[in-house]
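Just passing along the structure, written as structure tokens.
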Amino acid sequence: MLIFNKIYKVLRFIPPLLLGMLFISFLTSCSDTKEITSQSKPMLHTFVEIKVCGNSAEKVINEAFIEMERVNLLLNNYDRESEISKINKFSGEKAVAISPVTMDALQRAVMFADMSKGAFDFTIGPLLKLWGFSKEKAGLDSDNPTPEKINMVKELVDYRALKLAVLKNGNKTIRAAMLLKKGMYIDVGAFSKGYVADRAMEIIKNNGIKDALVSAGGTIVACGKKPDNSLWKIGIRHPRKEGSFLSFVELNDCSVSTSGDYERYFKKKNKRFTHIIDPRTGKPVNRHQSVTVIAKTGIESDALSTALFVMGTKDGIALVNSLPGVDALIINHAGKVFMSKEWPQKIVIY
Ligand code: ADP
Ligand code: MG
């Protein structure tokens, strides 16, 4: 009950319309097959849906949801009791003990921050606050922050100032994390859905299930096939035409994530301020309308879709082309379409 209260508390912070529009939408092709068992729940500031084909599907789905809730309670920076919140609370003061799960998630996040040369930076929290994205209704109470203020807050954003340590004491292992400067703040928004979806899929596979799909907001992780032996297929939302699709993608044991400027934003003097911030300029990014990434795991597609949203088109596509099993579809601010070398569906309607 406590968990549900918490989830609903968080959900109050999201405009109801947003809740209804997962920016990657399912095609309804599964609904005519009896063997798919499906359940959805509000979680991770969105709706999470799990579809499983096989025996004991209900039990497996429940186990997967329990794991997702467990991991979310460790990572959610909006939950004061989470381990991430403890790291944030004691920034610049002391190291805090963390679980293997939090350590694993943070180590992976650091990898993507390195890979994107800091375009993806999970210590973006203070800049999100500065631009009015850490409250219920995103928006600025007064004028845009001054360049001086932006520069001051930017000093608090640097993932390299997160120190992680694993210490062995006899047969005991201690894991600890510390943010070096007071006021630093980790925000897991760009990778936690992917990470948690991966954990759910792990539970599902450990139960011997071969065909399943986990959808957590903008991230979908799929394995195996539907009962009619076709691959799971999803439509990628058009960033400007609600209800229309840009492209359809078949998921072959992989994950897909979309980051969009329509997801959480406010408008001021007809200018759109979106929830993804460039750590280098300290300002909301207005480079792209949407970025979709296909990768092997949820955390990879989730983190990289945010990273590419911040990076220039050329650098972003080059990064993806250098990574095996990773592909991207970018719609820039002007509606121009860019695809990586092996983007599976060459026909994209914009
Ligand atoms: P969504 O949360 O809609 O699925 P994303 O995965 O792209 O979309 O994540 C956007 C979220 O990531 C923002 O709401 C914020 O919490 C966080 N964020 C914003 N800018 C950055 C950044 N440069 N690096 C890492 N995280 C960011
Ligand atoms: Mg992301």
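Numbering of ligands and ligand atoms starts at 1, following listing order. By convention here, the first residue in the shown sequence is residue 1.
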* Asked: Which of the numbered atoms in ligand 1 are below 4.0 angstrom from a heavy atom of A119?
  -> 22 (C), 23 (N), 24 (N)

* Distance under 6.0 Å and angle within 45° of the ring axis: does K271 meet both against F273? -> yes

* To do: Between I276 and ligand 1, find which residue part has any heavy-atom pair under 4.0 Å and reply side chain, backbone, both or neither.
  => both

* To do: Give the atoms of ligand 1, by number and element, whose distance to some non-hydrogen atom of D187 is under 4.0 Å.
  => 15 (C), 16 (O), 17 (C)

* Between S259 and S305, is any side-chain donor less than 3.5 angstrom from a side-chain acceptor? -> yes

* Asked: Got a sec, which pairs hit side-chain hydrogen bond (donor to acceptor under 3.5 Å, both in side chains) with one end in residues 97-107, sequence neighbours left out?
  -> E83-S99, E83-T102, S99-T102, D104-R108, D104-Y195

* Using the side-chain hydrogen bond (donor to acceptor under 3.5 Å, both in side chains) rule, collect all pairs that involve residues 312-332, keeping only residues at least two apart or in two chains. => D327-S340

* Does ligand 1 have an atom under 4.0 Å from some heavy atom of P279? -> yes

* Quick one: do the T173 and K168 side chains pair a donor with an acceptor below 3.5 Å? -> yes

* Do R199 and E67 meet the salt-bridge criterion of a basic N to acidic O distance under 4.0 Å? -> yes

* Under 4.0 Å from any heavy atom of D121, which atoms of ligand 1 are there? -> 22 (C), 24 (N), 25 (C), 26 (N)

* Taking heavy atoms and a distance under 4.0 Å, where does D278 meet ligand 1: side chain, backbone, both or neither? -> neither

* To do: Check the hydrophobic clustering (I, L, V, M, F, W, Y; side-chain heavy atoms under 4.5 Å; chains of links allowed) and say if M311 and L127 are grouped together.
  => no

* To do: Answer yes if the ring centres of Y262 and Y265 are under 6.0 angstrom apart, and no otherwise.
  => no

* **Part of K193 with heavy atoms under 4.0 Å of ligand 1, whether side chain, backbone, both or neither** => side chain

* Polar atom proximity, V310 to ligand 1 (N or O, under 3.5 Å) -> no

* Structure fact -> Closest heavy-atom approach to atom 7 (O) of ligand 1 among A303, S134, G217, S259 is made by S259

* **salt bridge (charged side-chain N to carboxylate O under 4.0 Å, His left out) pairs, two or more places apart, involving residues 276-287** => D278-R280

* Can you find an N or O of I277 that's nearer than 3.5 Å to an N or O of ligand 1? -> yes

* Quick one: does G194 get a heavy atom under 4.0 Å from ligand 1? -> no

* To do: Using a 4.0 Å heavy-atom cut-off, say whether H275 meets ligand 1 through its side chain, its backbone, both or neither.
  => both

* To do: Can you spot which of K51, E58, E49 makes a side chain to side chain donor-acceptor pair (under 3.5 Å) with Q39?
  => E58

* Which protein N, O or S atoms lie under 2.8 Å from the Mg ion (ligand 2), given by chain and residue number? -> A190 O, D302 O, D302 OD1, T306 OG1

* Between F120 and F309, is the ring centre distance below 6.0 Å? -> no

* **Proximity flag F120 to ligand 1, non-hydrogen atoms under 4.0 Å** => yes

* Asked: With atoms numbered from 1 as shown, which atoms in ligand 1 lie under 4.0 angstrom from a non-hydrogen atom of D302?
  -> 6 (O)

* To do: Before signing off on this row, confirm whether S305 and ligand 1 have an N or O atom pair separated by under 3.5 Å.
  => no

* Is it the case that K129 places NZ or CZ above or below the six-membered ring of Y185, under 6.0 angstrom from the centre and within 45 degrees of the axis? -> no

